[in-house]
Amino acid sequence: MAIFVNEPSHTFNEYLLIPGYSSSQCIPANVSLKTPLVKFKKGEESAITMNIPMVSAIMQSVSGEKLAVALATEGGVAFIYGSQSIEDEAAMVRRAKNHKAGFVVSDSNVTPDATLADVVALKEKTGHSTIAVTHDGTPNGKLQGIVTSRDYRVSRMAPDTKVVEFMTPFEKLICAEEGTTLKVANDIIWDHKLNSLPIIDKEGNLCYMVFRKDYDTHKQNPNELLDNEKRYVVGAGINTRDFAQRVPALVEAGVDVLCIDSSEGFSEWQKITIEWIREHYGDSVKVGAGNVVDGAGFRFLAECGADFIKVGIGGGSICITRETKGIGRGQATALIEVCAERDRYFEETGIYIPVCSDGGIVYDHHITLALAMGADFVMLGRYFARFDESPSNRVSIGGTYYKEYWGEGSARARNWQRYDLGGDKKLSFEEGVDSYVPYAGSLKDNVAMSLAKVKSTMCNCGALTIPELQEKAVLTLVSATSIVEGGAHDVIQKDKGTNIK
């Protein structure tokens with residue numbers, strides 16, 4: 001006979017945090033949102049620690065290279081979607097990794113024989129105003145000069161003017177030799193009032209470019225999440241079919257962490273995938289797994305060797321797995337049980353495996369609830385899909401702007417690998433929908449607002465760190481009536497768009 005769990009499973013909206021004692025030190029400015037991304041042993045630190053507890057969903061309509069850069073700038077990690085060719089995903093990872101390294105491989109290059117028209121076209125394509133002129137037009141060719149927007153005027157020059165005629169020639173450039181440290185390179189930039197500094201080898205071949213704006217950007221974004229080479233930390237999704245080909249390509253591209261993208265992770269397919277990664281890379285390649293909704297699922301993936309484990313089935317805003325297949329669990333209940341199992345596993349083994357809450361986040365305060373229930377970080381899809389940096393199109397409907405947003409289980413995504421059960425290579429039925437979400441502007445502004453709310457709530461609970469929140473949090477279930485009471489009620493609200501004079 002089937003096993004029945006008669007206790008209803010609950011969602012985030014059915015819980016509230018009860019405020020605790022707040023000392024005078026409990027102010028948002030003192031709150032740290034640092035959190036581990038991958039597992040570590042007791043007494044040690046995680047190999048990757050995020051500065052904010054947010055990662056982006058492995059989705060076509062969410063996690064492209066632009067969002068990867070924007071989220072890493074704020075201190076989180078994006079997982080570039082894997083439902084594309086291996087070559088395309090690796091290229092996205094590579095571009096995100098190189099977007100702002102201390103030393104940037106130049107991806108805007110021309111030959112001396114190129115024309116002004118070529119320069120203008122390249123600038124429109126890449127958005128870069130600094131273009132290296134090499135003898136063969138490659139990133140590592142012999143440096144001949146530099147072209148910036150100050151070297152030409154489109155309105156007063158013929159389109160067929162040769163680059164060699166208006167570039168700043170090599171002999172007038174200030175360069176640094178290969179091996180120069182980033183600190184010294186930045187000092188040279190400041191001392192000579194440069195916008196960029198070419199790094200060349202002994203033969204005069206271009207190795208890297210160092211830009212003034214990168215230094216400024218870092219100072220303006222203290223939470224930037226960077227690797228040891230001062231490049232953005234970037235994640236990527238993989239599946240349980242072509243991992244033997246996809247993983248090496250992503251590792252070669254410089255990916256920092258992988259995550260198996262699957263609707264349900266309590267399966268031998270994930271075990272096989274993780275075992276292959278461990279056999280070929282040991283612990284040097286970090287890989288998350290999931291999704292699971294109970295302690296048994298967590299224990300299975302933990303013993304398989306997962307570096308973090310995702311919790312949640314059917315709770316995403318565009319996910320219809322529960323109504324299509326009848327599987328899943330309320331996100332809050334699933335998270336609470338998995339985190340309890342995580343803590344037991346840590347006590348038994350001394351290995352702490354971070355838990356990611358994936359799905360069910362509707363309001364900003366749900367992020368705080370997820371953290372209080374034990375999650376180390378949350379994975380968000382709809383939230384990030386609304387921003388300028390997501391890959392989807394912005395459209396106007398009835399005078400209001402929206403962003404396109406579709407699930408990986410939709411026919412549009414055609415991501416059959418995510419729902420693979422070893423059968424035919426096709427999507428037999430949909431487990432996600434194609435939709436729109438209200439356009440919300442830039443990632444930076446929205447993330448700052450959301451995290452301001454998280455920090456404020458943590459202060460109400462007397463907590464200055466996520467572990468302290470998990471230790472001190474007191475949560476209460478609420479009734480349907482009290483949920484209504486929690487919003488504006490029994491009043492006539494003024495139109496927010498009305499101007500009061």
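Counting from 1, the numbers follow the sequence of the chain as shown. Note that these values count all heavy atoms, side chains included, but never hydrogens, waters or copies made by symmetry.
Remark: R94 engages E252 in a salt bridge, criterion side-chain N to carboxylate O under 4.0 Å. Under a 4.0 Å N-O distance rule, the pair E203/K142 does not qualify as a salt bridge. R299 has a carboxylate O that lies under 4.0 Å from a charged side-chain N of E348, or vice versa, which qualifies the two as a salt bridge. Electrostatic pairing of D107 and K97 does not count as a salt bridge here, judged by no charged N lying under 4.0 Å from a carboxylate O. Contact check on R278 versus E275 returns no salt bridge, with no Lys/Arg side-chain nitrogen under 4.0 Å from an Asp/Glu carboxylate oxygen. Comment: R231 does not engage D256 in a salt bridge, judged by the lack of any side-chain N to carboxylate O separation of less than 4.0 angstrom.
Checked against the 6.0 Å centroid threshold, F377 and F308 count as a close aromatic pair. Between Y439 and Y402, the gap from one ring centroid to the other reaches at least 6.0 Å.
Defined by atom type and a distance below 3.5 Å, a donor-acceptor pair is missing between the side-chain atoms of S442 and D388. At a cut-off of 3.5 Å, with distance as the only test, no side-chain donor of E224 or T73 sits close to an acceptor on the other residue. A donor-acceptor contact closer than 3.5 angstrom links the side chains of D136 and T138.
Within the 4.5 Å cutoff, the side chain of I238 has heavy atoms near those of the V247 side chain. The closest side-chain heavy-atom distance from T11 to Q331 is not below 4.5 Å. Two residues are said to be in side-chain contact when any heavy atoms from C-beta on lie closer than 4.5 Å; I313 and R329 fail this criterion.
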- request: Quick one: do S32 and T465 satisfy side-chain hydrogen bond (donor to acceptor under 3.5 Å, both in side chains)? Show the steps, please.
  value: CA-CA 5 Å; S32 169; T465 66; over 6 Å; no

task: List the steps, then state whether side-chain hydrogen bond (donor to acceptor under 3.5 Å, both in side chains) holds for R386 with Y405.
output: CA-CA 8 Å; R386 303 173 300 148; Y405 180 45; over 6 Å; no

- request: Check step by step if side-chain hydrogen bond (donor to acceptor under 3.5 Å, both in side chains) holds for Y352 and D376.
  value: CA-CA 11 Å; Y352 186 90; D376 296 278; 2.7 Å; yes

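With S390 as reference, K403 is the one residue of K66, E404, K403 to meet the side chain to side chain donor-acceptor pair (under 3.5 Å) rule.
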